[in-house]
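Residue numbers begin at 1 in each chain, while the letters A, B, ... track the order of the sequences.
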Amino acid sequence: MIKKTPSGSPSVDEEVLEKLAEDHPICKTLLEHRGLSKLKGTYTDKLPRMVNAKTGRVHTTYSQSTAVTGRLASLDPNLQNIPVRTVEGRRIREAFIAPPGAKILSADYSQIELRIMAHLSGDKSLLEAFSKAEDVHRHTAAEVFDTPLGDVTSEQRRYAKVINFGLIYGMSAFGLAQNLGIERSAAQAYMAKYFQRYPGVAAYMERTRNEAKERGYVDTVFGRRLWLPDIRSANQARRAGAERQAINAPMQGTAADLIKLAMIAVQDWIEREMLATKLVMQVHDELVLEVPEAELARVKPEVERLMMGVAKLDVPLVVDAGMGENWEEAH
DNA sequence: TTTAATGGCGCG
DNA sequence: AAAGCGCGCCATTAAA
């Protein structure tokens, strides 16, 4: 079956071209060209032109009223989509450097949305996995594949990771099958096994859908609402879309609430202590700071502590922090 | 030259 | 009938 775009024309996206590349080598070449063009056009050519003449820096704008979940959006330029997943892309991230005498500090929340799912659902097994500081994808793999933790293969863990992310997005068995390239019946069996092993999550999903339908909105741990006008639509596709939003918004939105609290806590502390450290970027679950070397020993542990401590959920908030000459090195 | 729509793809 | 959440920006195309 040929994949179509929303307007009905045949899709030539990366997924399709990867498939076609099996028979037509030029597709591989086209994909390489697309990837490099993307980096050149969006970042390498563009960012240097956006350097402010007075400051010698690029300055983003954060919008607080764009994302319906409460996330910030970064624009002109967007600094929340700087490449990181490929080696070529990471060379662009390396261009984000600290001034002389300072380092870049990057601090991000670990598995924040899955932790929030554990908190919201109260699922015993998932809460326990986090309280024991286990690798959550490995834990899921062990449960879904009926395997001792130590015997989980890398492929089983990869599958479990797709399942975990899929849950956050309200993915169906069809979507899971598509993503993993397996039969729908197999995907259905994995999901059934997941919900059998994490019954609290299953109940939470059900409860959330029902509540959304009853009230017409869902909310975050801190009370911000997302209204869902399509949740009772007669149109099945619209209704299903609203249900996925209902599942995702409390998790994505609570994560957004948490990092906003962290931004406030960190900036307050910097000002109280009259430090020269600067909070320079937010990337959804990550804060980036410029820290003079003389302040590093104080700032790194305190930023970690402040981020961990912004809220007391039923699950620990873990922060991974690193530093370096540039943003890539700090990861 | 600007605006809007489209398809695609960078990130969390 | 559709099938995975949230964004912003690129090149292309067509039209104003």
| Residues forming a side chain to side chain contact (heavy atoms under 4.5 Å, CB included) with A/M307, sequence neighbours excluded | A/A107, A/Y109, A/A262, A/L287, A/V303, A/V319
| task | Check the distance between C/dA3's P and A/F165's CZ and give it to me in whole angstrom. | result | 21 Å
| field | Within residues 77-96 of chain A, residues whose heavy atoms come under 4.0 Å of DNA chain C | value | A/N78
| request: Please state the P separation for the pair B/dT6 and C/dA2 - nearest whole angstrom. | output: 16 Å
| What residues in residues 227-253 of chain A put a non-hydrogen atom under 4.0 Å from any atom of DNA chain C? | A/Q236, A/A237, A/R244, A/Q245, A/N248, A/Q252
| request: Begin with the C-alpha distance, continue with both residues' side-chain angles, and end with the deciding distance and a verdict on salt bridge (Lys or Arg N to Asp or Glu O under 4.0 Å) for A/E211 and A/R215. | output: CA-CA 6 Å; A/E211 197 177 282; A/R215 301 180 181 173; 3.1 Å; yes
| task | Classify the angle between the aromatic ring planes of A/Y217 and A/W227 as parallel (below 30°), tilted (30 to 60°) or perpendicular (above 60°). | result | tilted
| task | Please list residues of residues 6-23 of chain A whose heavy atoms come under 4.0 Å from any atom in DNA chain C, ordered by number; otherwise none. | result | none
| said: Checking side-chain polar atoms at under 3.5 Å, does A/E113 have a donor or acceptor matched by the opposite partner on A/H284? | reply: no
| remark: Outermost contacting nts on DNA chain B, any atom under 4.0 Å from chain A heavy atoms, listed 5' then 3', are B/dT6 to B/dG12
| message | Run the salt bridge (Lys or Arg N to Asp or Glu O under 4.0 Å) test on A/E302 and A/R305 for me, step by step, so that the C-alpha distance in whole Å, both residues' side-chain angles and the decisive distance to 0.1 Å come before the verdict. | response | CA-CA 5 Å; A/E302 186 63 12; A/R305 199 184 71 79; 2.9 Å; yes
| query | In whole angstroms, how far is the C1' atom of C/dG6 from the OH atom of A/Y169? | reply | 8 Å
| Between the two end axes of the helix from B/dT1-C/dA16 to B/dG12-C/dC5, each built from 5 base pairs, what angle do you get to the nearest 10°? | 10°
| task | Heavy atoms only: give me the nearest A/N326-A/I97 pair and the separation to one decimal. | result | CB-CG2, 3.9 Å
| task | Over 60° means perpendicular and under 30° means parallel, so classify the ring planes of A/F96 and A/W327, tilted if in between. | result | perpendicular
| Atom P, compared across B/dC9 and C/dA1: separation rounded to whole Å | 28 Å
| query | Would you say A/K46 reaches C/dC10's phosphate, i.e. side-chain N/O to OP1/OP2 under 4.0 Å? | reply | yes
